Student: 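Quick one: structure below, then a few questions.
Keep in mind that this is a model prediction, so the values were computed, not measured. Positions are given from 1, in the same order as the sequence printed here. First listed ligand is number 1; within each ligand, the first listed atom is number 1.
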Amino acid sequence: MVNIPKQNLRTPGPTPVPSDIVEAMSNPMIDHRGPEFLEIITAATEQLKQVFMTTNDLFILTASGTGALEAAIVNTLSPGDKVLSASAGSFGDRFTEMVETYGADVQRLNFEWGSPIEPDAIRSALQAEPGIKAVLVTHNETSTGVTHPLQAIAEVVKGEFQKLLLVDAVSSLACVPLPVDGWNCDVVATASQKGFMIPPGLAFITMSKTAWEAAETATMPRYYFDLKAASRFLERGQTPFTPNVALMYGLSLALDKLLEEGMENVFERHARISQLTRDGIKDLGLELLVSDETYASNTVTAIKIPDGVDGSMLRNLAHNEHNLVLAGGQGKLTGHIFRIGHLGHVTREDIEEVLETLRIILPKVGFRAG
Ligand code: PLP
């Protein structure tokens with residue numbers, strides 16, 4: 001067994017797990033077809049609906065976030081369907097690749113990494129191609145630290161064009177407001193290891209009435225992620241396949257904690273801590289990647305690696321000498337940025353520690369403040 005020291009885990013997922021949740025996950029194993037599991041899944045599903053602000057159907061899947069995104073696609077679309085996929089980063093690109101893999105006829109709408117997706121560009125694309133059936137959007141682009149204007153996007157996609165809207169909310173849900181019903185999002189998918197303060201391994205997905213109508217004719221192949229099967233089993237308090245029971249214990253307590261704190265307070269805490277992060281980074285003389293701070297994410301901050309600074313050395317020093325785990329860049333931003341996660345179980349002290357560590361190590365990796 002590897003010895004894991006206590007770390008300030010500041011990756012944008014997995015995120016730190018509070019000790020009472022760790023303890024909850026060590027409860028005795030139960031039969032996932034028995035009465036205790038029925039009680040757990042029924043209560044957790046109802047509580048999750050409060051967090052998602054929806055009365056739509058909601059399913060808990062044993063999978064990482066990608067599983068729920070795949071479920072979003074295969075349950076609502078057919079090969080050959082025209083799909084508009086908006087992307088401004090590595091996760092947006094991945095969502096696009098997934099829907100292409102399943103044979104959709106995809107129109108890619110790409111934006112600069114570090115910039116927001118523009119609702120006007122979505123409007124123009126939908127006007128130009130009336131045959132588009134669905135629009136795919138990532139709410140919070142984890143690879144760039146940008147929160148896209150989902151509400152405005154939804155007003156175009158749903159309000160003006162009545163298209164199906166599939167949302168990757170993996171690094172936003174339970175951290176920043178995403179009222180699923182209020183914004184009329186058809187399918188919203190997220191994962192346990194981000195805002196929910198529990199380990200990776202569960203994913204959550206909502207289906208609107210319109211999404212279910214699409215499911216009636218959708219022919220993309222599906223088996224493990226067949227949400228009709230999930231729906232049938234949920235009626236008797238079960239899942240089609242063996243669920244991750246230990247994570248369900250953790251989820252139950254995490255939901256109690258979130259709802260006790262109050263979602264408005266949770267959102268406010270994320271806003272406050274992310275502002276502290278950005279201000280501290282700029283005070284150190286570093287530059288944010290995000291081009292317009294109005295769109296800066298409240299869950300992850302991407303910072304440009306200054307000229308002359310060795311980014312991997314920075315992260316290695318932080319990890320090896322300060323037990324601070326930072327994230328690197330992804331895709332074409334590899335080597336150009338590093339990222340600080342501030343989502344889920346995160347406090348002001350966690351970020352103050354990050355800033356203090358950076359103040360100590362930056363001069364050691366070639367940084368000279370301008
Ligand atoms: N989408 C976004 C925005 C993410 O941040 C991530 C993971 O970081 C994913 C999708 C993929 O989720 P998972 O790694 O849980 O499959």
Student: Counting C-beta onward and ignoring hydrogens, is there a side-chain heavy-atom pair between Thr142 and Arg339 closer than 4.5 Å?
Tutor: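 Of all side-chain heavy-atom pairs linking Arg339 with Thr142, at least one is under 4.5 Å.
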Student: Run the side-chain hydrogen bond (donor to acceptor under 3.5 Å, both in side chains) test against Arg123 and tell me which residues pass, sequence neighbours left out.
Tutor: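 For Arg123, the residues satisfying side-chain hydrogen bond (donor to acceptor under 3.5 Å, both in side chains) (neighbours in sequence not counted) are Asp120, Glu160.
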Student: Strictly by ring-ring contact (aromatic ring centres under 6.0 Å, His included), give each pair with a member in residues 170-199 just once, sequence neighbours left out.
Tutor: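 For residues 170-199, and leaving out neighbouring residues, the ring-ring contact (aromatic ring centres under 6.0 Å, His included) pairs sorted by first residue read Phe196-Phe204.
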Student: Are Ile205 and Leu165 co-members of a hydrophobic cluster defined by side-chain heavy atoms under 4.5 Å apart?
Tutor: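 Yes: a chain of side-chain contacts under 4.5 Å links Leu165 to Ile205.
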Student: Compile the protein residues with any heavy atom at a distance under 4.0 Å from an atom of ligand 1; present them by chain, then by number.
Tutor: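 These residues qualify: Ser64, Gly65, Thr66, Leu69, Phe91, Arg94, Thr138, Asn140, Thr142, Asp168, Val170, Ser171, Gln193, Lys194.
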Student: Could you tell me which residues satisfy side-chain hydrogen bond (donor to acceptor under 3.5 Å, both in side chains) with Lys49, sequence neighbours excluded, listed by chain and number?
Tutor: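 None.
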Student: What are the two closest heavy atoms between Ser297 and Val146, and how far apart are they?
Tutor: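 So the two residues come closest at CB-N, 4.0 Å.
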